[in-house]
Amino acid sequence: MFNTLSGRFLVLTIVFVMLAEIFIFIPSISRFRVEFLSARIERAQIASLALLADEMLSPELEEELLENTAVFNVVLRRNATRELVLTSELTQPVHDTFDLRSATTWDLISDALSRLADPRIRVIRVIGEPRLMGGSLIEVTLQTQDLRNAMINYGLRIFILSAVISAFTALLLFLAVRIVMVRPINRVIQHMKSYALSPEDARQIIQPNAKISELKEAEVALQTMHNQLTGALKQKHRLAQLGEAVSKLSHDLRNILSTVQLLSDRMESSQDPLVKSLAPKLITSVSRAVTLTESTLHFGKAQEPSPQIRQVELYQIVEDVIVNERMWVAGKNTIISSSVPRNMIVSADPDQLHRALSNLVRNARQAIDLQGTEGTINVSASQDAEMWLIDVVDTGLGLPKEARSHLFEPFRGSVRRGGIGLGLSISQELIRGHGGEINLLWSNAKGTKFQIKLPK
Ligand SMILES: Nc1ncnc2c1ncn2[C@@H]1O[C@H](COP(=O)(O)OP(=O)(O)OP(=O)(O)O)[C@@H](O)[C@H]1O
Ligand SMILES: [Mg+2]
């Protein structure tokens, strides 16, 4: 209940209304005290007027007058020379004197609060102005008990009233929040839930109709997002179907091509010189076609398995890659070297890192081959607090412009004859699986530098 929006509103409203009531209570309790005392003074003034008729009252009458007025003494100063005085015996000495004529608001408030706070019964003297110009000053002595009881009563009534008001306000606000906010929010939540169940179903997409502008904005944003998502899902679905079709096609094509490969091998032994001379070209083309279909099939096998990361010696992996690649440059002057520190240990899946590095080094070697002269390839490594950095630099002819725009996209990055355009995209996928990435640092007519970043 208190974790819901409307529940919170309920509690907060009660707290705030009560707080507001405290601010109202303080001045009004001081007002109440002044009025109580003024009423006593007024009654005392009337009682003392009996002295005007008869200067010597009988002690019984005097006592009765004072009892009715609920004070011990009254002194009414009529003018400079005349005073009317009613007296009876005090039960205890006068504890304090309050002059209502000169008290400031703050005095009145603090006197009222200290009266409330002090449960002891005291005798106090109160000085006030006589009513209707009946004299210049009037003074009464009285006990505090009645005053305090009346103040407590008054305070209780105010408290009950404010409790009722705040409960009522809170209830109204609670209902208002339910209707105005919680219901529309629930509607959005319901939509999100049912959308999540069947995101392809366009009917589940929310139609914005909230009246509160912030909520409406949220609904519109949600609608846009769902529309895009549904679109993307359909697209993905279509691509998946297409991919499946391509895989089947590649599969059958590979079988057909294998037969052609077999047959074209035989052509080499043909007696016909024309056939014999064409055979090698045919064989190369066919095997290229076979490689293409195989790679496509391989790529179609969806995701790479997630990497089995462990501590591996980078030096050893780079050495294996280089040894393999050197076989291709046998007899040429191209130099493939490594300057990876011997003791460098990295966290990676050794097979996957090997494949990614092989692709980079092979691309570099092919770029040098294309250039036609010899060149150098160097693999180096360094590290900082967060990353291992593995660099592959070559002196090949640089990346062709067309290759750059789709460098890491499958089947699109290749501009090389015989290239499929999968090498970099597969390598990128493998390294991303490690939480790292491959970047092209620079490339120009003098060469190219790729970098693998592996997080620690
Ligand atoms: N070191 C490099 N120097 C120059 N060009 C490069 C280099 N590395 C990649 N390229 C260019 O980027 C293209 C894409 O490379 P990628 O490895 O993705 O595909 P590919 O080598 O053409 O084919 P695959 O690797 O699938 O057999 C290459 O065709 C080549 O033109
Ligand atoms: Mg390649």
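First listed ligand is number 1; within each ligand, the first listed atom is number 1. Each residue takes its place number in the sequence, starting with 1.
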Legend entry - the Mg ion (ligand 2) neighbourhood, protein N/O/S only, threshold under 2.8 Å: Asn363 OD1
Inset, instruction - Report the residues that fulfil side-chain contact (heavy atoms from CB on, under 4.5 Å) with Asp265, sequence neighbours left out, ordered by chain and then residue number. - result: Ile283
Legend entry - side-chain contact (heavy atoms from CB on, under 4.5 Å) partners for His434, two or more places apart: Pro307, Ile309, Ala348, Asp349, Gln352, Leu454
When you compare ligand 1 with [X], is there at least one nitrogen or oxygen pair between them that comes in under 3.5 angstrom?
| X | result |
| --- | --- |
| Ser425 | no |
| Ala403 | no |
| Leu424 | yes |

Inset, instruction - Anything under 30° is parallel, anything over 60° is perpendicular, the rest tilted; go ahead and classify His226 against Tyr195. - result: parallel
Inset, instruction - Taking Thr293 for its side chain and Ala289 for its backbone only, find out whether a donor-acceptor pair lies under 3.5 Å. - result: yes
Inset, instruction - For the pair Arg33 (side chain) and Met151 (backbone), establish whether a donor and an acceptor sit closer than 3.5 Å, ignoring hydrogens and angles. - result: no
Legend entry - Beyond-backbone contact of Leu353 with Leu314, side-chain heavy atoms, under 4.5 angstrom: yes
Please check if any side-chain donor atom of [X] sits under 3.5 Å from a side-chain acceptor atom of [Y], or the reverse.
| X | Y | result |
| --- | --- | --- |
| Arg183 | Asn186 | no |
| Thr224 | Asn227 | no |
| Glu437 | Asn439 | yes |

Inset, instruction - Would you indicate which of Gly396, Gly398, Pro400 comes nearest to atom 4 (C) of ligand 1 when only heavy atoms are counted? - result: Gly398
Give the atom numbers and elements of ligand 1 that come within less than 4.0 Å of a heavy atom of [X].
| X | value |
| --- | --- |
| Ala364 | 1 (N) |
| Leu407 | 12 (O) |
| Ala367 | 2 (C), 3 (N), 4 (C) |

For [X], which part has a heavy atom under 4.0 Å from ligand 1: side chain, backbone, both, or neither?
| X | result |
| --- | --- |
| Leu399 | both |
| Phe450 | side chain |
| Ser443 | neither |
| Asp394 | side chain |

Legend entry - Lys NZ or Arg CZ of Arg432 over Phe408 ring: under 6.0 Å, within 45°: no
Legend entry - Note: Asp369-Arg365 ion pair, threshold 4.0 Å (strictly below): yes
Legend entry - ligand 1 contact by Leu370, heavy-atom criterion under 4.0 angstrom: no
Inset, instruction - Mind checking salt bridge (charged side-chain N to carboxylate O under 4.0 Å, His left out) for Arg43 and listing every partner two or more places apart, or none if nothing turns up? - result: none
